[in-house]
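Remember, it's a predicted structure, so these values are computed and weren't measured experimentally. Reminder, nothing fancy here: chain letters follow the sequence lines and each chain counts from 1.
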Amino acid sequence: MIKIKNEFFSIKDIWNSGQCFRMHPIGEDKYRVVVKGKCLEMEETQGEVVLFCTKEEFQNVWEDYFDLKEDYSVFFRNVSKEDRYLQRAASFGKGIRILKQDLWEMIISFIISTQNNIKRIRKCIDLLCKTYGKEIQEGIYAFPEPEELKNVTEEELRGLGLGYRSKYIVKTTQLIIRQEVSLEEIKRMDYQEAKKELQKLTGVGEKVADCVCLFGLHHFDAFPVDTHINQVLEREYGNQFPYEIYKGYRGVIQQYIFYYDFMRENH
DNA sequence: AAGCAGGGGACGT
DNA sequence: ACGTCCCCTGCT
């Protein structure tokens, strides 16, 4: 059991920040996340996070996953004092961190996210895991590997409710299985190269590529612009957002804005 | 009650 | 540049 008290680390903030679709509440202040065949239960009360795992597992897996070696107070403090909106957004989502998630899982997850809402995205991904992923504990399934989706047809995926995204997933899986696009090479590329390469995949446009870069490759300058973010940039900044100020951690700023706007819309 | 709009976009023309 | 794509939810 690991206890962490850090005002810049909150599961409550992270689970609804839209970067992770496999984190679920499992009770009062309790959450569970499934990552690469491992499952972690967490509890957060009074600003303290408890991770139910051994010290060894924490050091090998979760410390890196939650990016806990990075000091997010720096990004928070660097928010422009004159930018009242961003000040509010950052304070609201102070506990957000950019998770280091699996590249393949991010690609498929954000293909599913297009023209879709978070609730249904979660449902689709859960169903995908239950149908094709390995059962790692009773009732808990890992995200299926590319090999496990190799022979899946468009019709099968449509049966899961993935709609027109089904053919994108079939095609993208084929491109990766055939190594026409190499995940390992993408991991070695810088942000701009990786973003361009990802867009060779079917169903991956600029926005999805940016999400994958930020959440699956930890490229901190990726700044995904969706309809919500776009509205904020227009409304609050007249489409003149000062990107240059935040070089090196624009993705963190994007998350503050997205989460703040998302929670205001939905509550 | 059923009908309709819209949701973290991308693709093909 | 613009219509279309699939399913679900919430509104009317």
Atom [atom1] of [X] and atom [atom2] of [N]: how far apart are they, to the nearest Å?
X: Tyr164(A); N: dA10(B); atom1: OH; atom2: C1'; value: 7 Å
X: Ile169(A); N: dG9(B); atom1: CD1; atom2: P; value: 16 Å
X: Lys167(A); N: dA10(B); atom1: NZ; atom2: C1'; value: 10 Å

Between [N] and [M], how far is it from one [atom1] atom to the other, in whole Å?
N: dC8(C); M: dC11(B); atom1: P; result: 23 Å
N: dA10(B); M: dT9(C); atom1: P; result: 23 Å
N: dG3(C); M: dA5(B); atom1: P; result: 15 Å

**Asked** In terms of side-chain geometry, is the basic nitrogen of Glu155(A) or Arg158(A) positioned less than 4.0 Å from the acidic oxygen of its partner?
**Response** no
**Prompt:** Are Lys195(A) and Asp210(A) ion-paired here, with the side-chain N under 4.0 Å from a carboxylate O?
**Reply:** yes
**Asked** From dC6(C), dT9(C), dC11(B), pick the nucleotide closest to the side chain of Tyr168(A)?
**Response**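 The answer is dC11(B), which lies nearest to the side chain.
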**Asked** If you pin Lys119(A) and Gln115(A) to their nearest nucleotides in DNA chain C, which one's is more 5'?
**Response**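 Here Gln115(A) is the residue nearer the 5' end.
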**Message:** With a 4.0 Å cutoff (strictly under), does any side-chain N or O of Arg158(A) reach OP1 or OP2 of dC6(C)?
**Reply:**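 Looking at the OP1 and OP2 atoms of dC6(C), one of them is under 4.0 Å from a side-chain N or O of Arg158(A).
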**Prompt:** How would you label the contact of Ser166(A) with the nucleic acid (heavy atoms, under 4.0 Å): base, sugar-phosphate, or nothing?
**Reply:** nothing
**Asked** More 5' along DNA chain B: Phe258(A) or Lys171(A), using each one's nearest nucleotide?
**Response**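 The residue whose closest nucleotide sits nearer the 5' end is Phe258(A).
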**Request:** Apply the test salt bridge (charged side-chain N to carboxylate O under 4.0 Å, His left out) to residues Arg32(A) and Glu41(A): give CA-CA distance (whole Å), side-chain angles for both, the deciding distance (0.1 Å), then the verdict.
**Result:** CA-CA 4 Å; Arg32(A) 175 190 293 135; Glu41(A) 295 192 355; 3.1 Å; yes
**Complete:** Applying ring pair (Phe, Tyr, Trp, His ring centres under 6.0 Å) to Phe110(A) and not counting sequence neighbours gives Phe21(A), Phe215(A)
**Message:** Suppose we call a contact any N or O donor and acceptor under 3.5 Å apart; does that hold for the side chain of Arg120(A) and the base of dC7(C)?
**Reply:** yes
